[in-house]
2 protein chains.
Amino acid sequence: MAKRNILQFIILGLLNQQARTGYELTKAFDSDIGEFWSAQHSQIYPQLQRLEADGQITHSDEVTGEKLNRKRYAVTPAGAAALNDWLAADTEPTIGGRDEFALKLYFIQSPADPRLQHMLAVQQEFHTERCAHLQAQMAAKFPEGQRADNFGHYLVLDHAIRRETAYVEWLAAAVKQLAR
Amino acid sequence: MAKRNILQFIILGLLNQQARTGYELTKAFDSDIGEFWSAQHSQIYPQLQRLEADGQITHSDEVTGEKLNRKRYAVTPAGAAALNDWLAADTEPTIGGRDEFALKLYFIQSPADPRLQHMLAVQQEFHTERCAHLQAQMAAKFPEGQRADNFGHYLVLDHAIRRETAYVEWLAAAVKQLAR
DNA sequence: TGACACATGTAACGTGTTACATGATTCG
DNA sequence: CGAATCATGTAACACGTTACATGTGTCA
């Protein structure tokens with residue numbers, strides 16, 4: 001899995017869009033970017049420190065209210081260069097992530113197994129709902145083929161929708177071929 | 001990512017199908033099961049030792065030729081029970097694995113970016129070829145809707161094909177909306 | 001006899017998750 | 001004033017990859 005520390009580039013990419021705090025970066029992984037990567041704050045804060053020590057980002061202190069301090073990070077020219085190097089480098093194609101559910105199905109040999117019905121139904125419900133949620137997002141953010149700006153965002157949303165749609169179709173096809 | 005040590009159950013599942021050596025288990029991750037999980041021998045051998053210490057598997061020694069020893073592992077009743085518990089347990093739905101390429105696209109804001117053309121073409125070639133390879137496998141292993149036996153195997157192959165197909169379609173749609 | 005597949009292990013390191021820990025601000 | 005959110009960190013542990021290490025069997 002992880003090997004070349006992708007996280008640092010994601011942080012650079014996000015900060016390159018706009019200056020952010022560690023907290024805001026953490027939340028970015030809950031929305032659109034969460035479709036293709038995840039990270040917790042316990043990983044992000046140390047990474048920010050390393051990037052700053054490396055001279056790829058800097059921060060300015062901000063105060064909210066009386067005492068609360070937050071650090072707003074921004075990329076340096078060196079950071080922007082590192083980001084561009086990453087973007088320009090060859091990308092090892094993704095070869096299908098890990099899927100515990102698919103794995104379980106693999107070990108159930110018989111299409112008559114009594115557990116299949118329920119297992120498939122649960123997954124179907126989840127992914128169908130998820131699919132609808134993504135389509136709603138798409139409709140909200142890109143109403144009229146408004147893809148010119150934020151093209152990247154559009155592409156990953158489209159990707160997520162296609163992926164979930166294919167997943168739902170796979171589950172439906174599986175259900176259809178169940179018992180007999 | 002990993003959290004509940006899925007690997008142990010995969011090993012139990014594979015050994016439940018038939019007794020295998022560590023080497024054979026390692027190779028299983030290069031074929032069909034590799035679509036949804038990967039593991040190296042350096043992870044597998046220690047895991048086999050732990051499973052045996054736990055009483056979930058046992059091994060018998062085999063000799064090939066003059067000296068070469070291999071250990072053929074098989075599940076114990078306790079191991080089979082653990083496997084069934086895992087299969088019966090609720091499965092957290094997969095929420096889209098990590099995809100470095102999708103991530104890069106996300107950070108490229110403009111559909112006129114000169115890098116896009118080449119990036120997409122490279123991925124397109126890879127995934128198209130992969131798609132064809134999977135379909136060939138399907139045709140070879142399940143010729144005439146021969147899904148009754150090895151139903152699990154059929155399902156994961158079908159899953160992989162649908163996933164790759166969707167990926168290829170996504171890339172094609174992206175290319176179509178490129179410059180202008 | 002050399003290359004390649006078979007076969008099994010350990011070590012070092014990096015990444016990722018969960019838990020621990022603390023405190024401020026805002027809103028009802 | 002209590003709950004939710006904002007905000008930032010550290011520690012412990014589990015998981016995964018790469019590299020190190022060694023030796024046998026088979027086939028051309």
Side-chain angles (χ1 to χ4, degrees), chain A residues 1-11 19-31 33-34 36-54 57 59-73 92 94-100 103, chain B residues 1-11 19-31 33-34 36-54 57 59-73 92 94-100 103:
Chain A
M1 185 193 309
K3 73 198 111 182
R4 257 173 45 266
N5 194 0
I6 309 289
L7 179 60
Q8 67 181 309
F9 299 116
I10 302 175
I11 291 176
R20 294 178 206 242
T21 66
Y23 188 80
E24 286 166 350
L25 286 169
T26 301
K27 294 218 308 181
F29 288 92
D30 295 334
S31 49
I33 205 171
F36 302 103
W37 211 270
S38 64
Q40 280 71 45
H41 76 275
S42 57
Q43 234 188 317
I44 290 166
Y45 287 112
Q47 186 67 65
L48 283 169
Q49 290 167 14
R50 266 174 267 138
L51 283 167
E52 186 161 38
D54 257 33
I57 60 175
H59 81 269
S60 57
D61 290 307
E62 287 183 357
V63 179
T64 309
E66 200 64 16
K67 309 165 133 191
L68 184 53
N69 266 277
R70 60 185 169 199
K71 303 178 182 174
R72 189 163 295 276
Y73 290 92
E92 196 65 28
T94 301
I95 29 133
R98 305 184 156 194
D99 187 333
E100 186 178 357
L103 228 32
Chain B
M1 186 188 310
K3 73 199 108 182
R4 259 173 44 265
N5 193 1
I6 309 291
L7 179 61
Q8 67 181 310
F9 299 116
I10 302 175
I11 291 177
R20 293 176 206 244
T21 67
Y23 188 80
E24 287 166 349
L25 286 169
T26 301
K27 294 217 309 181
F29 288 92
D30 295 335
S31 51
I33 206 171
F36 302 104
W37 212 270
S38 64
Q40 280 69 46
H41 75 275
S42 57
Q43 237 188 315
I44 290 166
Y45 287 111
Q47 186 66 65
L48 284 169
Q49 289 165 16
R50 267 176 265 136
L51 282 168
E52 185 160 39
D54 258 32
I57 59 175
H59 81 269
S60 56
D61 289 307
E62 288 184 356
V63 180
T64 310
E66 199 65 14
K67 308 165 132 193
L68 185 52
N69 265 278
R70 60 184 169 199
K71 303 178 182 175
R72 189 163 296 275
Y73 290 91
E92 196 66 27
T94 302
I95 30 133
R98 303 183 157 193
D99 187 334
E100 187 179 357
L103 229 32

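Every chain is numbered from 1, with letters handed out A, B, ... down the list of sequences.
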Rounded to whole Å, how long is the line connecting atom [atom1] of [X] with atom [atom2] of [N]?
X: B:Arg4; N: C:dT18; atom1: CZ; atom2: P; result: 11 Å
X: A:Glu62; N: C:dT25; atom1: CD; atom2: C1'; result: 15 Å
X: A:Gln47; N: C:dG16; atom1: CD; atom2: C1'; result: 12 Å
X: B:Trp37; N: D:dT17; atom1: CH2; atom2: P; result: 10 Å
X: B:Arg50; N: D:dC13; atom1: CZ; atom2: P; result: 16 Å
X: B:Ile10; N: D:dC15; atom1: CD1; atom2: C1'; result: 12 Å
X: A:Ile44; N: D:dT10; atom1: CD1; atom2: C1'; result: 15 Å
X: A:Leu48; N: D:dT8; atom1: CG; atom2: C1'; result: 10 Å

Original post:
Can you tell me if the side-chain N/O atoms of A:Arg98 get under 4.0 Å from OP1 or OP2 in D:dG16?
Top reply: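 The answer is yes; a side-chain N or O of A:Arg98 sits under 4.0 Å from OP1 or OP2.
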**OP:** State whether A:Tyr23 places a side-chain N or O below 4.0 Å from either non-bridging phosphate oxygen (OP1 or OP2) of D:dC6.
**Re:**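 Affirmative; the distance criterion is met.
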Report yes if the side chains of [X] and [Y] come closer than 4.5 Å at any heavy-atom pair, otherwise no.
X: B:Lys71; Y: B:Asp61; value: yes
X: B:Ile10; Y: B:Leu25; value: no
X: A:Arg50; Y: A:Gln8; value: no

Original post:
If you take all heavy atoms of A:Glu66 and A:Val63, which pair is closest and at what distance?
Top reply: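 Distance-wise, the nearest heavy atoms are O-CG1, 4.0 Å.
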Original post:
For A:Phe29 and A:Trp37, which heavy atoms make the closest approach, and how far apart are they?
Top reply: CD2-O, 3.6 Å
Subject >> Spacing of CZ belonging to B:Phe9 relative to CZ belonging to B:Arg4, to within rounding of 0.5 Å >> reply: 6.5 Å
Original post:
For every nucleotide of nucleotides 18-28 of chain D, 5' to 3': is a protein heavy atom under 4.0 Å from its base (B), only from its sugar-phosphate (S), or from neither (-)?
Top reply: BB----SS---
Original post:
Taking A:Glu62 as the fixed residue, which of A:Lys67, A:Arg72, A:Arg20 is the one that meets the salt bridge (Lys or Arg N to Asp or Glu O under 4.0 Å) rule?
Top reply: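 Only one option passes, and that is A:Arg72.
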Subject >> Given D:dT8, C:dG9, D:dT17, the nucleotide with the shortest approach to the side chain of B:Tyr45 >> reply: C:dG9
Subject >> Toward the 5' end of DNA chain C, by each residue's nearest nucleotide, B:Tyr73 or B:Lys27 >> reply: B:Lys27
